[in-house]
Each structure stands twice: as C-alpha cells, then as structure tokens.
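Every number for a ligand or one of its atoms is a count from 1 in the order of the listing.
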Amino acid sequence: MSTVYLNGQFVPKGEAMISVEDRGFLFGDGIYEVVRVVEGKLFTWDAHATRMAQGLDGLRIDRTGTDSATLKAVCERLIADNGLASGEGTIYLQVSRGAATRVHHFPPAGTKTTIYAAPAAFKVNTAMRTHGAKGITHPDQRWARCDLKTVNLLGPVLARQAAAEAGAYEAIMHRDGMITEGAATNCFAVIDGVLRTAPLTNYILPGITRGILLEIVRAHGMRCEERPFTLRELPFVDELFVCGTTTDVQAIVTLDEKPIGHGAVGPITATLRDALAARLYAH
Ligand code: PDD
C-alpha cells in the first residue's frame with residue numbers, strides 16, 4: 001500500500017482519515033495540484049507551488065504549512081517512500097479549509113487546514129500521443145473562477161463523462177460560443193498556420209504546460225496568438241491539441257466524429273509534442 005501525507009504525518013493510504021466535516025468533502029472548499037514526477041524529479045515544481053499559493057489566496061485559505069520548500073520536501077519523501085525514484089509518476093496535493101461545523105461562511109479563526117499529498121503511478125499512452133485522440137465539444141458549465149484550481153470539479157466531471165460515453169479522450173468546452181479549454185487540459189488550435197489559444201482570463205486555468213508551450217513556441221520562432229477561437233471555427237481548424245501535466249501535448253484528430261484537418265497528427269502539434277517530451281525527459 002502506498003504511503004501518503006496527511007497533516008504532518010506519513011501514513012499508509014488506508015490509515016489516512018479525514019473528518020466527515022472537512023470542508024473539502026462538504027463544499028469542495030479547497031485547492032489542488034497535480035505534479036509530474038520523471039525519474040524521481042518533480043517537473044516544474046516552482047510553477048505548481050506558485051499556482052497553489054495563488055489559489056489558496058484566491059479562496060482566502062490559510063497558507064500555513066504550504067510553503068514551497070515544505071511541500072517540496074513532502075513530495076520528495078513520497079517519491080522516495082513509494083518507489084518513484086525511477087520511471088514516471090504523479091503527486092496529488094490538496095489543501096482544504098479544514099473541518100468545522102457546517103456553515104457556508106468561513107470557519108472560526110484558527111481552524112486548521114487539511115493538507116494531503118499522495119503519489120500515483122503514471123504511464124504515458126504512447127499510442128494515443130503518436131496517433132491522436134478523439135474529442136467532443138461540450139458546454140462549459142463551470143463557475144466564473146476557473147483560474148483557481150479548486151477541488152470542486154463538477155463541470156469537468158460531467159464533461160469528461162460525456163467524452164468517455166462517446167469513446168473520446170477529452171471534452172473541448174465552450175462558453176458563449178468561445179472555446180475555453182478542455183475538461184482537464186488547455187486547448188490550442190492551428191488556424192492558417194498560426195497557433196491560437198484562449199487568453200488567460202478567469203474562464204481558464206493558467207496551465208503550467210500551456211506556459212511551457214508558449215516558451216517553446218517563442219524559442220522555435222513559431223507564431224501563437226492568445227486570442228479566443230470560436231465553436232464555429234473549430235471544425236475548420238488545421239490542427240487541434242490539448243495539453244496538461246498528465247496529457248503532455250495530445251493531438252485531437254477527430255472532433256464530434258468528424259476529422260480535424262486530415263484526421264492525423266499535424267506538423268505543428270508534432271513539433272510541440274516532441275519539444276515538450278525533450279524537456280520532460282531532459283533530466
Ligand atoms: N488538470 N485546465 C484544466 C481545467 C485542468 O484541470 C488542467 C490540469 C489543465 C492543465 O494544467 P497543467 O498544465 O498545469 O496541468 C488545464 C489536472 C492535471 C487534473 O485535474 O488532473
């Protein structure tokens with residue numbers, strides 16, 4: 001059984017217990033991160049730690065015990081104790097506002113947050129990365145603070161379920177006719193040879209992978225506009241891909257059962273997929 005971290009203790013997963021009054025459980029009142037581990041090393045740790053701090057501040061959750069160095073040490077111990085020093089894995093981190101009598105407003109000052117971290121094994125779906133995946137379109141039914149990585153994920157849960165029922169990997173979500181992002185990924189299109197992705201607003205998560213890809217785009221002298229694209233444009237884009245910590249760069253080659261472009265992984269997507277892989281495995 002794997003070892004997890006809960007509120008200062010490293011314990012077997014089956015022994016980790018939280019209160020039924022935990023606000024993460026009752027309200028989805030918390031923030032999470034998923035960090036990739038490659039050959040025992042945390043990939044882009046600083047960016048994840050920064051986003052988690054911003055998310056906690058965004059929800060006004062006390063950050064005690066969640067500074068970057070402390071959480072990094074927790075993750076490193078989990079990597080060592082769970083055999084993740086080689087191969088690939090992920091670490092899931094979650095901080096909730098803690099356990100207290102159920103009232104909607106914040107619990108009394110001094111209520112301790114619940115800090116949880118757990119490892120998971122991870123294996124890249126090489127065939128899907130190479131040949132592309134199916135996607136569907138789905139309404140974006142989330143709240144208006146999608147920039148915060150909250151544990152309440154009902155919009156993505158329903159969207160991903162719709163994708164799963166359609167035999168697809170990801171749901172590309174749209175709000176007011178604009179493409180926002182995937183259920184658990186950011187989304188890029190290639191339109192007339194130029195990359196396009198939604199700008200950073202409160203309606204999308206500022207993805208770490210998205211940020212790395214924009215760096216790669218600049219380094220390769222490629223063009224990318226951070227400008228919305230529409231649901232109407234989507235069937236006619238040349239290339240479409242989604243990206244994220246466990247998704248890397250994943251081409252979407254059919255959308256709602258119709259081919260995107262030639263129905264195969266496009267050249268710009270392949271370049272970015274390979275450049276990201278080079279960074280991931282550069283250790
Ligand atoms: N999801 N957009 C949403 C809504 C996400 O949930 C995620 C990540 C991303 C990509 O962000 P990043 O590149 O920082 O992983 C974009 C994680 C992996 C998850 O929920 O499991």
Salt-bridge contact Glu226-Arg210 (side-chain N to carboxylate O under 4.0 Å): yes
Side-chain ion pair, Asp57 and Arg63, N-O less than 4.0 Å: yes
Donor + acceptor pair across side chains of Gln250, Thr247 (<3.5 Å): no
Validation row: Asp238, His262 side chains within 4.5 angstrom (heavy atoms): no
Does ligand 1 have any N/O pairs with the protein under 3.5 Å, and how far apart?
from	atom 1	to	atom 2	distance (Å)
ligand 1	1 (N)	Lys149	NZ	3.2
ligand 1	1 (N)	Ala184	O	3.4
ligand 1	2 (N)	Glu181	OE1	2.7
ligand 1	2 (N)	Thr185	O	3.4
ligand 1	13 (O)	Ile208	N	3.3
ligand 1	13 (O)	Thr209	N	2.9
ligand 1	13 (O)	Thr209	OG1	2.5
ligand 1	14 (O)	Arg51	NH1	2.8
ligand 1	14 (O)	Arg51	NH2	3.0
ligand 1	14 (O)	Ile208	N	2.8
ligand 1	15 (O)	Thr245	N	2.9
ligand 1	15 (O)	Thr245	OG1	2.5
ligand 1	20 (O)	Tyr32	OH	2.6

Side chains of Ser68 and Trp45, donor plus acceptor under 3.5 Å: yes
Check: Asp140/Thr180 side-chain N/O donor and acceptor closer than 3.5 Å: yes
